[in-house]
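One structure is given here, and the rest of the page talks about it.
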Amino acid sequence: MRRCAQFTKNIELSGGCDYEDGLTAKLVEIKRQRGLNFLLHGYFPPPPTGHFIMNFAENSDRTSAFIKEAAACIRVLEIPYYSVHSGFKKSFSLKKEILIDLYDKNTFTVEDIGQSASYFKMEYPDIRLALENLYPNPDRHCCFMIHIEEITGMLDRFPGIYLLLDLGHLKISSHLTGFNYAAAVELLFRQYAHRILELHLSENDGLTDRHWPIRGDSVQYDIVRQYADVINERGINVVIETRNSDFEAVKECFLLINGLLR
């Protein structure tokens with residue numbers, strides 16, 4: 001965070017962090033001292049014990065308690081919405097970014113997501129909720145909001161839900177389930193731009209979620225350039241998701257994308 005703050009004041013807090021006592025209070029102080037703006041996504045802040053795969057479709061006490069902590073952090077940090085993965089259809093463990101089926105009897109439906117969304121709206125009426133589209137991992141039967149028809153169907157069915165559009169996930173889904181990537185992006189920006197709160201950008205090989213930095217020859221770079229006016233007009237947040245990339249590559253990616261949105 002300290003190094004990224006050298007070139008941006010905007011940072012998204014997400015999974016992969018270790019538990020730390022008083023973390024939220026420390027973030028408040030960092031925000032005040034350095035003038036940073038935070039977003040909060042998914043599995044954050046991490047619990048002290050009992051780590052688990054957070055499934056928004058699972059209406060359990062454990063999930064509710066986790067969301068309660070996230071909402072408290074969001075309010076203190078003055079973040080306008082909560083973004084989270086749309087959810088999983090079964091129970092999984094996770095190994096090296098691959099979901100491993102636990103083969104238990106738990107299954108989850110779109111109705112479960114609706115119940116979770118209704119609960120969230122009732123408990124946290126001041127915080128908007130954005131669900132992220134997912135991708136086949138390891139197949140299309142694992143997650144919600146994989147195919148473009150599932151994404152638009154969810155938005156049509158639940159008007160109070162917003163979208164975190166992950167362009168990297170959408171690329172994988174289009175490749176593995178056979179829909180047109182460019183046409184799907186065009187549809188979402190043309191009919192649902194008012195529902196998109198955030199974009200996630202990361203490049204991949206169309207098969208797995210590699211989280212490579214965006215380059216000038218990336219299709220996602222062209223997408224941001226094509227829809228820059230809409231992104232700016234709607235105030236859509238654009239987040240660069242990279243992993244295992246060196247600092248200079250991340251900085252170069254940021255400057256490249258930021259240059260399109262000024």
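Keep in mind that what you see is a predicted model, and the values were worked out from it rather than measured.
In this structure, CD1 on I196 lies 9.5 Å from OH on Y227, to the nearest 0.5 angstrom. Note that CG of L170 is 11.0 Å distant from CD of E132, once rounded to the nearest 0.5 Å. Taken from CG in D112 to CZ in F56, the straight-line distance is 11.0 Å, to the nearest 0.5 Å. Interatomic distance, CD1 of I53 versus CD of E58, reported as 10.5 Å (0.5 Å rounding). Here NE2 of H41 is found 4.5 Å from OG of S14. Values are rounded to the nearest 0.5 Å. Rounded to the nearest 0.5 Å, atoms CE (M145) and CG (L164) are 9.0 Å apart.
Note: F254 and F7 meet the aromatic proximity criterion, with ring centroids under 6.0 Å apart. Aromatic rings of F66 and Y43 (six-membered ring for Trp) have centroids within the 6.0 Å cut-off, being under it.
Between S202 and I240, every side-chain heavy-atom pair lies at or beyond the 4.5 Å cut-off. Side-chain contact check for K171 versus E203: some heavy-atom pair is nearer than 4.5 Å. Side-chain atoms of V28 and L77, non-hydrogen and from C-beta on, do get closer than 4.5 Å to each other. Between H147 and F179, the closest side-chain pair of non-hydrogen atoms falls below 4.5 Å. For the pair Y181 and I223, the minimum side-chain heavy-atom distance is below 4.5 Å. Proximity of I127 to P80: side-chain heavy atoms (C-beta onward) are nowhere separated by under 4.5 Å. Q33 has its side chain out of reach of I30: every pair of non-hydrogen atoms, C-beta onward, lies at least 4.5 Å apart. With a 4.5 Å cut-off on side-chain heavy atoms, N10 and L36 do not count as touching.
The closest donor-acceptor contact from the side chain of Y221 to the backbone of L260 lies at 3.5 Å or more, if one exists at all. For T8 (side chain) and C4 (main-chain N/O), no donor-acceptor pair under 3.5 Å exists by modelled atom type. Put simply, the side chain of T242 never gets that close to the backbone of S245: no donor and acceptor are under 3.5 Å apart. Under the 3.5 Å distance criterion, the side-chain polar atoms of S118 are matched with a main-chain donor or acceptor of G114. Between the side chain of S173 and the backbone N or O of L134 there is at least one donor-acceptor pair closer than 3.5 Å. Looking only at distances, a side-chain donor or acceptor of N204 sits under 3.5 Å from a matching main-chain atom of G168. The backbone N or O of F88 lies less than 3.5 Å from a partner atom in the side chain of N55, making a donor-acceptor pair. Without hydrogens or angle criteria, H169 side chain to Y135 main chain gives no donor-acceptor distance under 3.5 Å. With Y124 contributing its side chain and L129 its backbone, the two residues share no donor-acceptor pair below 3.5 Å. The main-chain N or O of D222 is never found under 3.5 Å from a side-chain atom of Q226 such that the two would form a donor-acceptor pair.
Linking Ile, Leu, Val, Met, Phe, Trp and Tyr whenever their side-chain heavy atoms come within less than 4.5 Å puts L201 and F247 in one cluster. I172 and I148 fall into different hydrophobic clusters, where Ile, Leu, Val, Met, Phe, Trp and Tyr side chains are chained together by heavy-atom contacts under 4.5 Å. Under the 4.5 Å side-chain contact rule for hydrophobic residues, I67 and V76 share a cluster. Hydrophobic clustering places L163 together with Y82 (ILVMFWY residues linked when any side-chain heavy atoms are closer than 4.5 Å, directly or through intermediates).
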Let me have the donor-acceptor pairs involving side chains of residues 154-162, under 3.5 Å, with sequence neighbours excluded, atom names and distances please.
from: D156; atom 1: OD1; to: Y192; atom 2: OH; distance (Å): 2.9
from: D156; atom 1: OD2; to: Y192; atom 2: OH; distance (Å): 3.2
from: R157; atom 1: NH2; to: E111; atom 2: OE2; distance (Å): 2.7

Hey, can you pull the donor-acceptor pairs under 3.5 Å for the side chains in residues 231-239, sequence neighbours left out?
from: N232; atom 1: ND2; to: A228; atom 2: O; distance (Å): 3.2
from: N237; atom 1: ND2; to: Y81; atom 2: OH; distance (Å): 3.0

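Nearest heavy-atom pair, C142 versus I146, reported as atom, atom and distance to 0.1 Å: SG-CD1, 4.3 Å. Nearest heavy atom pair, residue S86 against residue F144, reads OG-O, 3.0 Å. Between F108 and N106, the shortest heavy-atom contact is CZ-CB, 4.0 Å. Nearest heavy-atom pair across P46 and L23 is CD-CD2, 4.4 Å. The shortest heavy-atom contact between L176 and G206 is CG-O, 4.1 Å.
For the pair R62 and F52, the cation-pi test (distance below 6.0 Å, angle within 45°) is passed.
Within 6.0 Å of atom NZ in K31, more than 12 heavy atoms from other residues, nucleotides or ligands are found, so the atom counts as buried in its surroundings. A 6.0 Å sphere centred on CD of E149 holds no more than 12 heavy atoms belonging to other residues, nucleotides or ligands. No more than 12 heavy atoms of other residues, nucleotides or ligands lie within 6.0 Å of CG in D18, so this atom counts as exposed by the packing criterion. No more than 12 heavy atoms of other residues, nucleotides or ligands shown are found within 6.0 angstrom of CZ on R2. Counting non-hydrogen atoms of neighbouring residues, nucleotides and ligands closer than 6.0 angstrom, the CG atom of N244 reaches no more than 12 such neighbours.
A side-chain hydrogen bond (donor to acceptor under 3.5 Å, both in side chains) with H200 is found for one member of Q220, E12, H211 and no other, namely E12.
Using modelled atom types and a 3.5 Å distance limit, the side chains of Y19 and D21 yield a donor-acceptor pair. A side-chain donor from one of R210 and T208 sits under 3.5 Å from a side-chain acceptor of the other.
Residue pairs meeting the side chain to side chain donor-acceptor pair (under 3.5 Å) criterion with at least one partner in residues 65-76, sequence neighbours excluded, are R75-D126.
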Next on the checklist: Between V219 and L167, is the side-chain contact (heavy atoms from CB on, under 4.5 Å) condition met? List the steps.
Outcome noted: CA-CA 10 Å; V219 173; L167 290 175; over 6 Å; no

Next on the checklist: Please evaluate residues R32 and E29 with respect to the criterion salt bridge (charged side-chain N to carboxylate O under 4.0 Å, His left out), reporting the C-alpha separation (whole Å), side-chain torsions for both, the decisive distance (0.1 Å), and the verdict.
Outcome noted: CA-CA 5 Å; R32 184 189 66 81; E29 186 60 18; 2.4 Å; yes

Next on the checklist: Let's go through L39 and L13 carefully: what are the C-alpha distance in whole Å and the side-chain angles of both, what is the deciding distance for side-chain contact (heavy atoms from CB on, under 4.5 Å) to 0.1 Å, and is it a yes or a no?
Outcome noted: CA-CA 6 Å; L39 295 176; L13 307 169; over 6 Å; no

Checklist entry - Yes or no on side-chain contact (heavy atoms from CB on, under 4.5 Å) for N59 and Y119, after CA distance, side-chain angles and deciding distance? => result CA-CA 9 Å; N59 301 299; Y119 165 81; over 6 Å; no

